[in-house]
Each structure stands twice: as C-alpha cells, then as structure tokens.
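Letters A, B, ... mirror the listed sequences (proteins, then strands); counts begin at 1. As a basis for the values below, the full set of heavy atoms in this structure was taken, side chains included, without hydrogen atoms, waters or symmetry mates.
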Number of protein chains: 2
Amino acid sequence: MALKPLGLGLASRRVLSDVVTDDLRDAIISHDLEPGRRIAEDELALQMGVSRGPIREALMRLDREGLVTIERHKGARVASWDDTDIQEIYSMRSALEVLAIEWACKNATASDLKAMEEILNVYSKLSEKQRTPREVSRLDLEFHTALFAAAHHERLFKTWEVLRSQIHAFLVYTWSQDGKINKVFLPQWGPDHKVFVEVIRNKQVEKAKETVLGHVERGLARVATHFVEEPKPKKRVAKR
Amino acid sequence: MALKPLGLGLASRRVLSDVVTDDLRDAIISHDLEPGRRIAEDELALQMGVSRGPIREALMRLDREGLVTIERHKGARVASWDDTDIQEIYSMRSALEVLAIEWACKNATASDLKAMEEILNVYSKLSEKQRTPREVSRLDLEFHTALFAAAHHERLFKTWEVLRSQIHAFLVYTWSQDGKINKVFLPQWGPDHKVFVEVIRNKQVEKAKETVLGHVERGLARVATHFVEEPKPKKRVAKR
DNA sequence: AAACTGTTGTTTGTAAACAACAATAGACCA
DNA sequence: TGGTCTATTGTTGTTTACAAACAACAGTTT
C-alpha cells in the first residue's frame, strides 16, 4: 500500500480540514505568514470562509508538524527558528536517514528505486537556469521522501514528514536571507544522489550509511553557515 | 465498562480535552478497550459526560500517538499490534536512544543525572515481591524518559513520547499473554541501568552508544520471543 | 509604587442542528 | 441464485451561536 497518496490531481475527497491545513502550511513555508505571527482562529476562519472546527484541527496538526506553536488559552503563532532548532533538526535527520537507508537496503522494491531515479531524471533535464536553489531544494526533499518511502517503515516515514515540513520552512527562510547558497551545492547535487540509488540497489548497507551521514552533515554545514539568526520570540512580551 | 466517569470538575489547570486524552490513553494501555475496538464519538461523549469537541481532539492526539487509528468518515479504532510493528518500534527506539545518549553526554546537568538515579533508587527499594513485570516496566519507561529529558533535545523528546505510548501499550498486552517474562530480565535491571548514568556522567560517548544499543536489542529480543501474534484487522484496500 | 479590580479580547467548551459520506439491507432485475 | 442498484441508517464532518475560562491590560485604590 502506498504510503503517500501522491498528489496526482484526483484530489480525492479531501475534507475541509485537509484543505485548510495545506493552505496554511503553504502560507507558512512561503513566508506569507512570517515567523512569530499570531494566528487567531476567528480571524482565519472568516478569511478562509470556514468555521472554527476545521481551523482548530489544522492548527493542531501544524503544531504537531512544528510549523506553529500552540499555547493553552493563548492561541497559535507561526513557529520561528534559531540555530538550536537547526542543530536539533539535523541531528534527528541524520539518525532517521541512516535508519531509513538501512531499511531501504532490505526492503526497497524495483519501483521504489525507479521512483528515486525518476526524480534524478527530472533534475538532469532542468536547464542551468531552472536550477534555482528553491527548485533544487524541492527536488531534494522529494528525493529524500522517496528514500524514506523505500524503507517501508511506517513510523519512520511519519516522523520524516514532520521533519520535512520544518526543513522546508526554514530553508525558504535561509534563501530569503542569502540568494547565492548554491555555488558549490548545485553542481554536485545530481552525482551525489546517484550514489544513493546504487548503494541501495547493491544492498551495501555500511557504505550506504556512510554516504547518507556525510550527505546530511554537508547539508547541515551548508545551512548553518548561511543561516542568519533570527530573534526568537519564544517567550517575548508582545508590544503593541 | 471500565471508562470511569470523570471526577468532578475540580480539574485544576487541565483542560477538558487533556482529561479525556489521559483517560482514554489509560483505558487503551490497560486494555479496558481491546485492540480493534470501534470508538464512536457520540457514545464516548455520552459516557464521559462531555461534548464531541474534546473527544475529537483527544482522538486526534491519540491517533498521532499511534494508540488509535482514525480513518476518514469511518471513525476511530483502538490500534492493534503485530510483529511488524514491534520491529518498527524497536528499530526507531534504537536510533532515537543512541541519539539521546549522545546528546545527554553533552548536555546532561547534575539534576538530570540525579533524576535518573532517583528512579534507580526507587527500584532498589522495592521488595522482591513488588518487582512485578508491570511495575518494573513502568520504572523502565520512566528511566528512559529521564534519559531523553537529559538530552535536552525538544524534537527528540516529543518523538520519544509517541514511541513510549506505543511501547507501553503492547508491553501490557505481552504481559497479559505471558506472566513470567521476568526470570532473567528483572534481576538484571538495576545494574544494567546504573551503567547508563555512569557513562553519561563521564561523557564516554562511544561506550554510551554501545551500551544503549545492546540494551535496546536485548529488550527487543525479550519482547519478540514472548509476543503472541494477534490478528490485525489492518487496512483493507479501498474499493470504489 | 504595589496590589486589587474590572474590562477586553481571546481561546475553550457546549449544544443543536444539518451535510457528506460509508456500510448495510432490501428491492429489483436477470 | 446471483448480482447490481438504490434506499436506509448510522457516523463523521461542519456550521452556527452562545457560554465559560482565561490572560493581558489599564485604571483605580491603597
């Protein structure tokens, strides 16, 4: 059974709270709602033309995803990031990806490998100009999602989905601070990921683990040096 | 029916959905609600004397915790476990505990260590008779929770909490199948865990990782051999 | 100033309805 | 008999409106 109902248009009977969740997530990831911003249920409900029920549900889900922060009787805010968060996220990511590639070596099917290669294929067909940091990062997250799917490990996949949202969110923030992250990163992306598919196909578990560890560590280094710290209003008093 | 009507609203600072969540979690973990059992919102709301709102919220949280399975328009069921789940849970646990003890070596404070030792202390004061599988397992989960707390890694801790609920749930199930799991396990528990505190205090990262890995693997072996498979009414393919 | 008190705006919870949907049971036809 | 189709039924999803609990703020009193 497919872990994720791949977004192929069929849009199957989505429920209102799903729509709200996705819209809100996009708004947060794209920074239409800036970090720290207050989200009032009534206001959002009015704005989206739905009642409070689905809004509450969406906010709770995004809280679980780490994109918003809910405090009792105080409501929800868009989450914000500092370097502690980066450290946490990438250390989790290392641990999870190592486990993922381990399981993928055992469980990956032909179609799993094909899905991963398909993403590499899409990348290779992009023109130089299309290889924007944003687009490549989107493909990057998609590739790693395919890797996690190949592990066939339900709980691992769900945990990754949470992490992915957070990575996605602060990556966009990082780009907005520094548009030219990509000098060394982008040309390397394709070859770097081809290795993943190969070691999985050949079931070279140890080499796979090393590969993925190095990969994530380089990712962290890249992000950390470019991440511009943002004052985190965790417990700040709101000034009017 | 074992669902206690909730105590009067003296209630303190907790909010209704918290109470419902905790009551339901207890009922599931203690198997007052057997795996696979259907949970209807209306029915539960009536039983607990609250409206559907807090019930829905509680069910969503328990779904996230993995104790309940919600399907759209079909409602919630108490989760059930098979050996695949055990494999998933323990592989996750290994990865997470290694990361946890790594961070604990860096970040543990004196009071963190003290908290862990306090639990060992409680254990050592238990009489032979009090060392039931159930009680020791409760202390075990508490100890490991203290370990995760000592890591000072927010996301890691939250992920552990999810896993803990699941471990707790099927451990109770395992005990109910076999009351004498403890012949080799129980006497070893105390000394086994003292090592944890020491390696963390001395910041012996590598040794710490080995220790925790072995520990979890033995835990898996113990559970796996005693786990009696239960028919799982998993997901049926959606027919249209 | 510090402590008290009420106001305000928000979240949280309740209630009663309706709408959308899934499962089931009959009805119908072959 | 066997199968498809359509009601029926029950549950979840959603809305509306209101009441209660609570945090933050401002003004008042001491």
(request) Respond yes when some side-chain nitrogen or oxygen of R56(B) is under 4.0 Å from OP1 or OP2 of dG13(D), and no when none is. (result) yes

(message) With the threshold set at under 4.0 Å for non-hydrogen atoms, list the residues of residues 39-51 of chain A touching DNA chain D in residue-number order.
(response) V50(A), S51(A)

(request) Could you tell me the separation between the CZ atom of R37(B) and the P atom of dT11(D), rounded to a whole number of Å? (result) 13 Å

(request) Indicate yes or no: does E117(A) engage K114(A) in a salt bridge with an N to O separation below 4.0 Å. (result) no

Quick one: side chains of residues 103-110 of chain B, donor-acceptor pairs under 3.5 Å with protein atoms, not counting sequence neighbours, listed by atom name and distance.
from    : atom 1 : to      : atom 2 : distance (Å)
N107(B) : ND2    : A151(B) : O      : 3.1
T109(B) : OG1    : S111(B) : N      : 3.4
T109(B) : OG1    : S111(B) : OG     : 3.3
T109(B) : OG1    : D112(B) : N      : 3.2
T109(B) : OG1    : D112(B) : OD2    : 3.1

(request) Calculate the interatomic distance between E71(A) atom CD and dT10(C) atom P; express it in whole Å. (result) 16 Å

(message) So if I take every side-chain heavy atom of K74(A) and compare against dG13(D), dA24(D), dT15(D), which nucleotide ends up nearest?
(response) dA24(D)

(message) Quick check against the 3.5 Å criterion: does Q166(B) have a side-chain atom that pairs as donor or acceptor with the backbone of E65(B)?
(response) yes

(request) Give one of base, sugar-phosphate or nothing for G53(B), where a contact means two heavy atoms less than 4.0 Å apart. (result) nothing

(message) Which residues pass the side chain to side chain contact (heavy atoms under 4.5 Å, CB included) test with T21(B), not counting sequence neighbours?
(response) R25(B), A58(B), R61(B), L62(B)

(message) Regarding dG13(D), can its base be found pairing with the side chain of R52(B) as donor and acceptor, where the two atoms are less than 3.5 Å apart?
(response) yes

(message) Without decimals, in angstroms, what is the distance between D63(A) CG and dT11(C) C1'?
(response) 15 Å

(message) Closest approach to the side chain of P54(B), judged atom by atom: which nucleotide of dT14(D), dT12(C), dG13(C) is it?
(response) dG13(C)

(request) State which of dT14(C), dC21(C), dT12(C) makes the closest approach to the side chain of L16(B). (result) dT14(C)

(message) Among dT11(C), dT14(D), dG13(C), which nucleotide has an atom closest to any side-chain atom of S17(A)?
(response) dT14(D)

(request) Using a strict 4.0 Å threshold on nitrogen-to-oxygen distance, state whether R56(B) and E57(A) make a salt bridge. (result) yes

(request) Give a yes or no on whether a salt bridge exists between E161(B) and R164(B), defined as a side-chain N under 4.0 angstrom from a carboxylate O. (result) yes

(message) Using whole Å, what does the distance between atom C1' of nucleotide dT14(D) and atom CZ of R72(B) come to?
(response) 15 Å

